[in-house]
Amino acid sequence: MEEENCVFCKIVKGEVPAYKVYEDEFVLAFLDINPINDGHTLVIPKKHHEDFLHLDEKEIAELMHAVQKVAKAVKKATNADGINIGMNIGKAAGQIIFHAHVHVIPRFENDGYKHWERKHKDKPDFEEIAKRIKENFK
Ligand code: AMP
Ligand code: ZN
């Protein structure tokens, strides 16, 4: 998605309203409009990047520093039992907004959500997969 049409860029610029909860020079956090639980917050770099994989080291540091701060505040504010921090990267992973963002989701005992079901029953070739991943650090 182009920067001009990006709804999160518009939130950064104040052109689209949002329930902002935290802001610094580089990062903005606001409530997800369609929350999984009350307090579900998105933390974004103010600069447009398609996803987390496109951020440089400094941007990652700024973003993740803010994510921890936001997670602590969300946990306290909602009295949550736990927090999920997640990112959907790419359409196949469920990404629908192509401006990098981190989900901070308060979780409660017995809130009815489950983790991913393992439908993949066969044991993979761990040796081969680990080798392929190790070869791809650049
Ligand atoms: P995803 O790209 O799947 O990681 O999720 C994007 C998230 O952005 C969804 O949880 C949406 O509910 C949320 N969202 C989309 N538009 C807005 C908006 N204008 N304000 C706040 N949250 C939004
Ligand atoms: Zn954007």
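Everything quoted here is computed from the prediction, not taken from an experiment. We count ligands from 1, going down the list as the structure has it; atoms in each ligand are counted the same way. Throughout, numbering of the chain's residues begins at 1 and tracks the sequence.
- Contacts of His65 classified as side chain to side chain donor-acceptor pair (under 3.5 Å), with partners at least two apart in sequence or in another chain: none.
- Between Val21 and Phe30, the closest side-chain pair of non-hydrogen atoms is not below 4.5 Å.
- The atom name of the N/O/S atom in His48 closest to the Zn ion (ligand 2) is ND1.
- At a cut-off of 2.8 Å, His99 coordinates the Zn ion (ligand 2) through an N, O or S atom.
- Each of Leu28, Val102, Leu63 was scored for a side chain to side chain contact (heavy atoms under 4.5 Å, CB included) with Ile44, with one residue passing: Leu28.
- Sorted by first and then second residue, the pairs that involve residues 72-93 and meet side chain to side chain donor-acceptor pair (under 3.5 Å), not counting sequence neighbours, are Asn84-Arg107.
- Remark: Lys58 is positioned above the aromatic ring of Phe26, its terminal NZ or CZ atom under 6.0 angstrom from the ring centre and at most 45 degrees off the axis.
- Contacts of Asp24 classified as salt bridge (charged side-chain N to carboxylate O under 4.0 Å, His left out), with partners at least two apart in sequence or in another chain: none.
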Please walk me through it: do Glu59 and His49 pass side-chain hydrogen bond (donor to acceptor under 3.5 Å, both in side chains)?
CA-CA 10 Å; Glu59 290 166 330; His49 288 290; 3.0 Å; yes
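- Closer than 4.0 angstrom to ligand 1 by heavy atom are Val7, Phe8, Ile11, Phe30, Leu31, Asp32, Ile33, Asn34, Leu42, Asn88, Gly94, Gln95, Ile96, Ile97, His101, His103, sorted by chain and number.
- Around the Zn ion (ligand 2), the angle linking Cys6 (SG) with Cys9 (SG) is 120°, rounded to 10 degrees.
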